[in-house]
Every structure is written in C-alpha cells, then in structure tokens.
Amino acid sequence: MNKLGFGFLRLPRQDAQDENSVDLKKTCELVDRFIALGGRYFDTAYTYMNGGSERAVRETLVKRYPREAYELADKLPSWKLKSREDCGRFFEEELERCGVSYFDYYLLHGLDQENDDLCERLGAYEFMKELKRAGKVGKIGFSYHDSPELLDRILTRHPEMEFVQLQINYLDWDSPSIQSAKCYEIAVKHGKRVLVMEPVKGGNLAVLPEQAEKLLRAEKPGESMASWAIRFAASLDQVDVVLSGMNTIGQIDDNLAEKTLMSERERMLLGEAARIIREKTAVPCTGCGYCTEGCPKQIAIPRYFALFNEYSRSPKELWKMEFAYSDVAKTRGRASDCIGCGACERSCPQKLGIIGYLKEVRKVFEKNG
Ligand code: SF4
Ligand code: SF4
C-alpha cells in the first residue's frame, strides 16, 4: 500500500526564517531517497514557498530525472485570478518555473465558496477543460476547503473534474469545521478519486500528547505517530495519493515503510487519541502559511501559534518559547501589531479565529512589554 506523494510545501531551508531559501542540496537528497524507495508523485503550487517550491522542483527533480520517472502536480492559484487571461499567464509561468512542458495533474487551488464563484465568473473551469483537451495536463481536479454541501454542488456542476484533493486526517475526520468524513463521502458519491492533503496536520500528528502516544504505543510499540496518521488516510478505498511534506530522510523512510490496512480497532483507538489531542491543543494551526501573505503587519502567525502550542504543552519551559518569540519578532510583526483587518482569517483553510488567538499569544509572550 504505497500511496505516498511528496508535497513540496515544507522543504528544508537554509535560513529558517526565509521561505525563499530552499536548501537545494538537502532537497536533492530527499528526492533521491523518495524515488529510490519507489515514490513517484510530487506536488507543488505557484504560491508554495513564494515560488521557491516550483523552482526547487526544476532544480532537484526535473533537471535530474527523466520525465517518465515521476508524476508532477501543480495548481492554478484561484484566489489570485483577476481575468480569464490570468489563467493562461499563471499556467505558462508555472511550466517555466518547473521546467516542464506538461503537468500530470493540474488543480484549481484552494476552492471555497468565494474562489469557486471567481473561477465560474472568469471561466477557470473552462480553461481547465481546454488544457486537458490540448494535452497540456493529464488529469484535472481541485483542492478544496469548504463544506460538503458546496462540494456536492461543484461536482454536480463539473463532472469533468476527475479528482478532488481533500484535507483528511483522523483529527479532522469528524471536526465540525473541516468535515473530512462528509467531504470524503461526497467525493465517493460522485465517483471521484481522492488525493489527501495534511494527513499529519502540518506535523501536529507526528508528536502527540503523552497520554495519546501511550495509547497508540501500547497497541503497536514500533510504529511512529506519523505512520499511524498516514496509514489512517491511505487505508481509505477511494484514496490514490497521500501527500506528506517531508524534510528529513528519516521521515521519508518512515512514511514509505510498508503499511498495513487500518483495522476497526485501530480506527477506534485513533478516535480516542483525537479526543485527547483536541483537549491539549491550544491552536489547531497546520502551519500552511496562507495567512501571512496578505498581512499588512507581516506577523509571523504560524510561527507564533507553534510556539503558543509548545507553551501550552510545556508551560514550565515558557522561557524557551519567549526567547524564540523575541527572535522572530526582530524581523516580523509582533502579535500586538495586529490591526484586526481580517485578511488572514479570510485565507485560513482551517477557518481559525486568528485575531482572537493572537490576543492570547500576546498575553503570554508580550506580558513584559
Ligand atoms: S488581522 Fe492582524 S494578523 Fe490578520 S492580516 Fe490583519 S493585521 Fe495581520
Ligand atoms: S493560521 Fe490558518 S492559514 Fe495560517 S498557518 Fe495556521 S492554518 Fe495556515
């Protein structure tokens, strides 16, 4: 059961604070290992790492492997479209950045109600069909962040879409905001293949609260927490690809190790683990970074939420997180700089109340001014 895809979203960096500083040497090593172990599917997007992801695809994969050795997925940034012409402009730029003449999979990126309306109005769905007819892309589909009801309407309107990319993991399976299970059922109802994003929830399911980890270790002592999460998504019948944003060789080895189908008992244990995790996670942020692009104050939102979560798990180590917070705030806006404009909340796929959470962050990390 090898369904693993390599998501080029969280590549190793030379400078942890600089999204553009992809460490190409390390990324080459990761690509080599992934392909050596049988991996084929690579996923990138126009906006990932401010364009650094697509350029890394060209340097570490395209220039070093024959085209038939891998499948490449890229995405049209739906929320950036202002005209029909933009569709073609972004597509050509993506081909050039990646250094390829076609994509095996091409997606409308990040559909929700607003972006679906935009794509309809500007003819982006029609554009996708034209690309397919012209042989410039293999399969067409979309990545999705909204309700099951809207997904049903989109798939009814657009039966030509061949697959959907959904956020599926055991923590979001029954969550009222993401509704992974219901969205998956809709995709199945329409006979669509499913690609999974965020199976480890931005790394949040790789390290669990002690009580949840104990529960899973008692069942399978040798299995990593990330492997449990990947196996949950990969065990779903309609799922073809499970994307993981890996940045160490150890993660690749672990994720690509032979995996068994998940049993009913194991699913039940994950349900219990999810309950414990929810109790212990202060901010369920995946670290995707979509919120930072439009922030007028350049606030390092995901970084601050990660520190806040670390603090919530280990309050005695506050001093470490305070130190890291001050370091990041030397070059980025602080939580208290937020003016409440709401741009971040509109782009957050997890629908988080970012402004409110930043107030909590400020109380903890800026109490001394
Ligand atoms: S609400 Fe605050 S954090 Fe969000 S984009 Fe505006 S200034 Fe930035
Ligand atoms: S706050 Fe939302 S958009 Fe920002 S990194 Fe977290 S999950 Fe992504």
Side-chain angles (χ1 to χ4, degrees), residues 7-11 13 16-19 43 45-50 52-53 75 77-80 109-115 143-146 165-169 171-172 175-180 183 196-207 229 243-245 247 277-278 281-312 324-325 328-329 331-366:
F8 263 40
L9 172 61
R10 298 181 179 94
L11 295 172
R13 300 178 191 180
Q17 308 302 335
D18 180 3
E19 276 211 304
D43 171 84
Y46 186 85
T47 48
Y48 288 176
M49 305 186 84
N50 286 330
S53 169
K75 313 186 187 77
S78 60
W79 65 96
K80 284 182 173 287
H109 194 177
L111 288 196
D112 56 11
Q113 182 71 66
E114 197 177 329
N115 295 336
S143 61
Y144 185 75
H145 296 284
D146 211 314
Q165 185 163 306
L166 298 175
Q167 174 165 328
I168 293 181
N169 57 64
L171 196 58
D172 292 324
S175 93
S177 57
I178 308 296
Q179 304 189 68
S180 296
C183 288
V196 171
M197 56 187 161
E198 303 289 7
V200 193
K201 206 164 166 63
N204 287 323
L205 301 181
V207 182
L243 291 169
S244 179
N247 52 30
I277 297 164
R278 265 185 225 113
T281 306
V283 189
C285 165
T286 63
C288 67
Y290 290 175
C291 52
T292 53
E293 195 182 331
C295 175
K297 295 292 178 181
Q298 297 198 311
I299 297 170
I301 300 165
R303 189 78 187 97
Y304 294 161
F305 287 170
L307 290 171
F308 190 68
N309 282 339
E310 275 181 59
Y311 157 73
S312 308
Y325 181 85
V328 178
T331 53
R332 304 290 297 265
R334 294 150 64 92
S336 56
D337 291 330
C338 174
I339 54 171
C341 67
C344 53
E345 294 192 355
R346 284 192 290 278
S347 59
C348 175
Q350 311 303 319
K351 320 257 181 273
L352 300 183
I354 295 173
I355 299 169
Y357 283 131
L358 282 175
K359 287 183 183 152
E360 300 298 310
V361 169
R362 187 183 66 195
K363 272 190 229 155
V364 171
F365 294 131
E366 296 184 32

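Counting starts at 1 for both ligands and their atoms, following the listed order.
Under 2.8 Å from atom 4 (Fe) of ligand 1, one finds the following protein N/O/S atoms: Cys344 SG.
Using a 4.0 Å cut-off to heavy atoms of Gln350, the atoms of ligand 2 that qualify are 7 (S). For ligand 2, the atoms closer than 4.0 angstrom to any heavy atom of Pro302 are 5 (S). The contact set between ligand 2 and Pro349, taken as ligand atoms under 4.0 Å from a residue heavy atom, comprises 3 (S). Applying the 4.0 Å criterion to heavy atoms of Gly289 picks out, from ligand 2, the atoms 5 (S), 8 (Fe).
Distance alone, capped at 3.5 Å, is enough to place a donor-acceptor pair between the Asp112 side chain and the Glu114 backbone. For Asn169 (side chain) and Asp172 (main-chain N/O), a donor-acceptor pair under 3.5 Å exists by modelled atom type. Although no hydrogens or angles enter the test, the distance criterion places a donor-acceptor pair under 3.5 Å between the side chain of Ser53 and the main chain of Phe8.
Judged as a side chain to side chain donor-acceptor pair (under 3.5 Å), the pairs with a partner in residues 282-301 (not counting sequence neighbours) are, in order, Lys80-Glu293, His109-Tyr290.
Looking at Arg332 and Asp337, no side-chain N of the basic residue comes within less than 4.0 Å of a carboxylate O on the acidic one, giving no salt bridge.
Nearest non-hydrogen protein atom to atom 8 (Fe) of ligand 2 is Cys288 SG, 2.3 Å. When only non-hydrogen protein atoms are considered, atom 2 (Fe) of ligand 2 lies nearest to Cys348 SG, 2.4 Å. Scanning all protein heavy atoms for the shortest distance to atom 6 (Fe) of ligand 2 gives Cys285 SG, 2.3 Å.
Ring pair Phe365/Phe308 is perpendicular by interplanar angle, where above 60° counts as perpendicular and below 30° as parallel.
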- Message: Evaluate Tyr48 against Asp43 for side chain to side chain contact (heavy atoms under 4.5 Å, CB included), listing each step before the verdict.
- Response: CA-CA 10 Å; Tyr48 288 176; Asp43 171 84; 3.6 Å; yes
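The structure places CD1 of Ile355 at 9.0 Å from CD1 of Ile301, a figure rounded to the nearest 0.5 Å. Distance check: Met197 CE to Cys288 SG gives 10.0 Å after rounding to the nearest 0.5 Å. In this structure, NZ in Lys201 is found 8.5 Å from SG in Cys285, a value given to the nearest 0.5 Å.
A heavy-atom separation below 4.0 Å is not found between Gly202 and ligand 2.
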